[in-house]
Amino acid sequence: MNKKDLSEFKRLNILDGTELLFAKNHTNDFPNHTHDTFNIALVINQTFHAKLSSAFLQAPVGTICITNPDEIHATPCDKYTGNTFITYYIAPTILRGLNHGVDVFFKDKVIYHPPLFTLFYQLAFHTENKTINFEKELINALSLLVKEYATEIKFKNQNSRLFQEFIGENSLEKFSLENTAKGFGLDKFKFLRLFKQETGLTPNSFIILKRIKMAKEMLARNEEILDVAIASGFYDAAHLSKEFKKYTGVTPGTYRNI
């Protein structure tokens, strides 16, 4: 029987901090979340599912599944055999540069292009191969992706005053839904409804994602996991580990030791 939930993360010192997730037989769902990067996922086995606010995607084996920066999405995984996929996390600045300074948006989220799939797939296993110029080859693959599939439609994150003010708060501290709602002159139910309508996330999910982003920055500096947990607003190392793995697919220790 194949072991499940085997994941590996790579953080590369190229192209504004490109990252790679190798998920093997992954059975745990990724809940609603966002990234400030493009997610370029290669579907290795089992149909890959992604829930967006406007669509439910099904990406067959051998396809590339893309989400744009700040797009709310969730990834349900097969509970029995798990899903195996490789995801590149690419900074928007990189694709913008490859698109002559114009913002990039992918309207087509599921792409069937066997040569491009193979190129991304092979490159993922040669990040440290000194016989090839990995950065140059990755740029070539990304350039082809942009040339063939990028559109002029721009994804607009519909932020309102409520969202903007909430971002400005120190949400790493203990969050009180009632107190925050009162601060806007709203009852908690209306605040929840408006916040989710405007962001696609619950306030709790938004806070957790902000905390995880801070935790990733600290872990990249090789700081102690307990210190990271407390500083980023989690109760303890166990709480950090649970939430971190839920949203990233790997434990904080794995991410720190890349």
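For the numbers below, each heavy atom of this structure counts, side chains included, while hydrogens, waters and symmetry mates do not.
Crowding of Lys246 atom NZ: a count of heavy atoms from other residues, nucleotides or ligands under 6.0 Å exceeding 12. Counting heavy-atom neighbours within 6.0 Å of Lys10 NZ, excluding the residue itself, gives a total above 12. With a 6.0 Å radius and a threshold of 12 heavy atoms from other residues, nucleotides or ligands, Phe125 has its CZ atom above the threshold. Within 6.0 Å of atom NZ in Lys216, more than 12 heavy atoms from other residues, nucleotides or ligands are found, so the atom counts as buried in its surroundings. The environment of CG in Asn13 is sparse: at most 12 heavy-atom neighbours from other residues, nucleotides or ligands sit within 6.0 Å.
Note: Phe206 and Phe195 have perpendicular aromatic rings, judged against thresholds of 30 and 60 degrees for the angle between ring planes. In this structure, His33 and His73 have tilted ring planes: the angle between them lies in the 30° to 60° band.
With a 4.5 Å cut-off on side-chain heavy atoms, Asn25 and Lys3 do not count as touching. Between Ile90 and Thr18, some side-chain heavy-atom pair lies under the 4.5 Å cut-off. A heavy-atom distance below 4.5 Å is not found between the side chains of Pro92 and Asp103. Between Cys65 and Thr87 there is no side-chain heavy-atom pair separated by less than 4.5 Å.
Atom OG1 of residue Thr202 and atom CD1 of residue Ile208 lie 7.5 Å apart, to the nearest 0.5 angstrom. Between Ile139 atom CD1 and Leu98 atom CG the span is 6.5 Å, to the nearest 0.5 Å. Atom-to-atom distance recorded for Lys109:NZ and Leu57:CG is 7.0 Å, nearest 0.5 angstrom. With rounding to the nearest 0.5 Å, the separation of CG in Leu145 from NE2 in His113 is 9.0 Å. Separating the CG atom in Leu21 from the OH atom in Tyr89 is a distance of 4.5 Å, to the nearest 0.5 Å.
With Lys4 contributing its side chain and Tyr80 its backbone, the two residues share a donor-acceptor pair below 3.5 Å. No side-chain donor-acceptor contact under 3.5 Å links Tyr255 to the backbone of Phe244. A side-chain donor-acceptor contact under 3.5 Å links Lys79 to the backbone of Cys77. Side-chain atoms of Tyr88 come within 3.5 Å of backbone N or O of Ala124 as a donor-acceptor pair. The main-chain N or O of Asn83 is never found under 3.5 Å from a side-chain atom of Asp78 such that the two would form a donor-acceptor pair. Using a distance-only test at 3.5 Å, with no hydrogens or angles considered, no donor-acceptor pair links the side chain of Asn68 to the main chain of Glu71. Between the side chain of Asn99 and the backbone N or O of Val102 there is at least one donor-acceptor pair closer than 3.5 Å.
Side-chain contact, Ser205 with Asn32: no donor N or O sits under 3.5 Å from an acceptor N or O. Side-chain N/O atoms of Thr27 and Asp5 include a donor and acceptor closer than 3.5 Å.
Placement of Met214 and Phe234 within a single hydrophobic cluster is found when ILVMFWY residues are connected by side-chain heavy-atom separations under 4.5 Å, directly or transitively.
With salt bridges taken as basic N to acidic carboxylate O contacts below 4.0 Å, none links Glu243 and Arg211.
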- Query: Should Glu19 and Ile258 be marked as a side chain to side chain contact (heavy atoms under 4.5 Å, CB included) after you check the CA-CA gap, both sets of side-chain angles, and the distance that decides it?
  - Reply: CA-CA 10 Å; Glu19 296 182 330; Ile258 295 172; 5.8 Å; no
Practice item. Could you please spell out the steps behind the side chain to side chain contact (heavy atoms under 4.5 Å, CB included) verdict for Ile132 and Leu123? Key: CA-CA 10 Å; Ile132 67 170; Leu123 280 174; 4.3 Å; yes
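Aromatic rings from Phe134 and His126 are positioned such that their centres are separated by 6.0 Å or more.
Under the side chain to side chain contact (heavy atoms under 4.5 Å, CB included) test applied with Phe106, the options Thr67, Ile64, Leu95, Ile40 reduce to a single match, Leu95.
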